[in-house]
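Attaching a single structure in structure tokens format; questions to follow.
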Amino acid sequence: MVRCTTARVDLQALEANLRAIGSYLEDEARLNRGAGRGPVLPPGIIAVVKANAYGHGARRVAQTLEASGATMLAVADIEEGVDLRKSGVRAPILVFGALSVSDLDGVFDHELTPTISSPAAGAALQAAALARRTSLHYHLKIDTGMNRLGFRHDNLRLTLPQLLSSANLVLDAVHTHFGTAEEPGNPLFGEQRDRFERACVAIGELGAGPRLRHAANSAALLRDSRVWYDFVRPGLLLYGLVPPPLGSTLPLKPVMSLTSQVVAVKGVRVGETVGYDGRFRAERATTLAVIPAGYADGLDRRLEGRGSVLIRGRRAPIVGAVSMDMLTADVTDIDTVGPGDEVVLIGSQGSDPQQTIDAREMAAWIGTIPYEVLCRLGSRVERKYE
Ligand SMILES: *Cc1c(COP(=O)(O)O)cnc(C)c1O
């Protein structure tokens, strides 16, 4: 049997988005050259494919990005990196996350590039590299104000010397991560930039500079070419979405669409309720389309009464509880809806550009961010690559 709720992953759109980001970086760098300010060379692109490539399927996405010329790929943990290697990806793979809870062997056996973000992680990797009589290239993470992972920016002279003198570890690059890049008014962004640059000077004074540097996620990449350094690290942009509330004129196309089919049409009389808890009560004779997609597929229960789906090129409001395996949409105002009709949950239908629902809009309905909408797509939803 084939489930009709499927996610289409448009690999050509993914490729085109990578190219669009690359052209943007080149154009801006050229403008900077003319104006005598900011970076004059475009940075390389570290394509972020963590969390199953934001729900799109890490293997196919990584293979496509590798073939389209991404400099490096990035994942959250060693296990994700090992999985990509097993699928044949040969590009350099950076691991962002903490190493303390992972099996370090994967780093060596599968040639991953770890991020070292604490003295203890450095000591463990040095011991492991020595035992294997090998040397290991790594990136160093500086915490400039996010207060999660990384060496604090303000006491590197105390915390770094042991790592920098590790005989089997080779420092390739230094990076940091912004906490507020998508909030133009927030001063922390500039502070983090200053702290990062001072940290890089300090690392140089400790005898380990200059090294490659990177800092910019999608929002920072769009906002400020001064934080491009040697590499940028877009995730969301690659998947065709701009981090809200930012806007952009980049010609991006959402990579994922989510579609289903009407499996039943039901007439409801005035005064009757629909679904669990009976929160929706029909105030007029109502026609409902039953759609086999629910919270087990990643559709949030808060969509009830807030979201819509597209059927026959029109928006049909989601009414009644979103249940585990289905939801119901009010199609009273749409003519001749029947079983088998296509339902678009994310994506467009017909030629009217108004009739598009993207992950950003769905996120806004339920008070979250598009990242969460994409990552939560359920594992039973088949990804169809095209
Ligand atoms: C997830 C992540 C990114 C990508 O963020 P986007 O907002 O999706 O561009 C970049 N850097 C790090 C360290 C991350 O964890």
Side-chain angles (χ1 to χ4, degrees), residues 14 17-18 20-22 24-25 43-56 58 61-62 65 70-78 80-81 84 92-99 112-118 121 138-151 153 173-184 186 189 192-193 196 212-225 227-248 250 252 254-256 358-360 363 368-376:
L14 177 71
N17 293 340
L18 178 69
I21 297 167
Y24 170 74
L25 298 170
I45 296 179
I46 299 177
V48 179
V49 297
K50 64 190 176 188
N52 198 26
Y54 292 39
H56 294 66
V61 164
L65 291 168
T71 324
M72 192 172 200
L73 303 170
V75 295
D77 57 30
I78 294 173
E80 288 184 348
L84 290 186
I93 297 176
L94 176 63
V95 178
F96 282 146
L99 303 170
L112 306 177
T113 306
T115 293
I116 296 182
S117 47
S118 71
Y138 71 100
H139 290 201
L140 169 65
K141 172 107 181 231
I142 306 298
D143 188 342
T144 53
M146 186 81 151
N147 283 320
R148 297 189 317 189
L149 296 178
F151 287 75
H153 65 96
V174 182
H175 66 107
T176 193
H177 192 42
F178 292 111
T180 62
E182 66 290 333
E183 295 173 43
N186 196 312
F189 181 73
Q192 286 197 266
R193 181 169 69 88
F196 182 57
L212 297 171
R213 296 183 290 173
H214 53 94
N217 58 4
S218 293
L221 179 168
L222 291 177
R223 257 188 71 186
D224 190 343
S225 66
V227 299
W228 288 354
Y229 305 112
D230 299 292
F231 301 103
V232 292
R233 305 190 305 258
L236 197 67
L237 288 181
L238 289 171
Y239 305 104
L241 293 159
V242 173
L246 299 182
S248 159
L250 274 181
L252 301 175
V255 173
M256 187 195 290
D358 65 14
R360 212 170 125 140
T368 186
I369 52 177
Y371 299 82
E372 190 184 1
V373 166
L374 294 175
C375 291
R376 280 174 60 190

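Here the structure is a predicted model, which means the values were calculated and not measured. As the structure lists them, so they are numbered: ligands from 1, and atoms in each ligand from 1.
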*Interfacing atoms of ligand 1 (cut-off 4.0 Å, heavy-atom, Pro234)*: 9 (O)

*asked:* As an exercise, identify every atom of ligand 1 less than 4.0 angstrom from a heavy atom of Arg233.
replied: 3 (C), 4 (C), 9 (O), 10 (C), 11 (N), 12 (C), 13 (C)

*asked:* Can you report which non-hydrogen protein atom sits closest to atom 7 (O) of ligand 1, along with the distance?
replied: Tyr371 OH, 2.6 Å

_Sub-3.5 Å N/O-N/O distance, Gly235 and ligand 1_ = yes

_Lys NZ or Arg CZ of Arg223 over Phe189 ring: under 6.0 Å, within 45°_ = yes

*If you take all heavy atoms of Ile93 and Leu84, which pair is closest and at what distance?*
CD1-CB, 3.9 Å

*His175 vs His214 aromatic rings, parallel, tilted or perpendicular, using cut-offs 30° and 60°?*
parallel

_Using a 3.5 Å distance criterion without hydrogens, assess whether the side chain of Asp230 forms a donor-acceptor pair with backbone atoms of Gly44._
no

_Part of Ser218 within contact of ligand 1 (heavy atoms, under 4.0 Å)_ = both

*Quick one: which ligand 1 atoms are inside 4.0 Å of a heavy atom on Leu236?*
6 (P), 8 (O), 9 (O)

*Judged by atom type as modelled, is there a donor-acceptor pair below 3.5 Å linking the side chain of Thr115 to the main-chain atoms of Lys141?*
no

_Aromatic centroids of His153 and Phe196 separated by under 6.0 Å_ = no

*For atom 8 (O) of ligand 1, the protein heavy atom that lies nearest, with its residue and separation*: Tyr54 OH, 2.5 Å

_Between CD1 on residue Ile45 and CG on residue Leu73, distance to nearest 0.5 Å_ = 11.5 Å

_Residue, atom name and distance, where the atom is the protein heavy atom closest to atom 12 (C) of ligand 1_ = His177 CE1, 3.3 Å

_Protein heavy-atom partner closest to atom 1 (C) of ligand 1 - residue, atom, separation in Å_ = Lys50 NZ, 1.4 Å

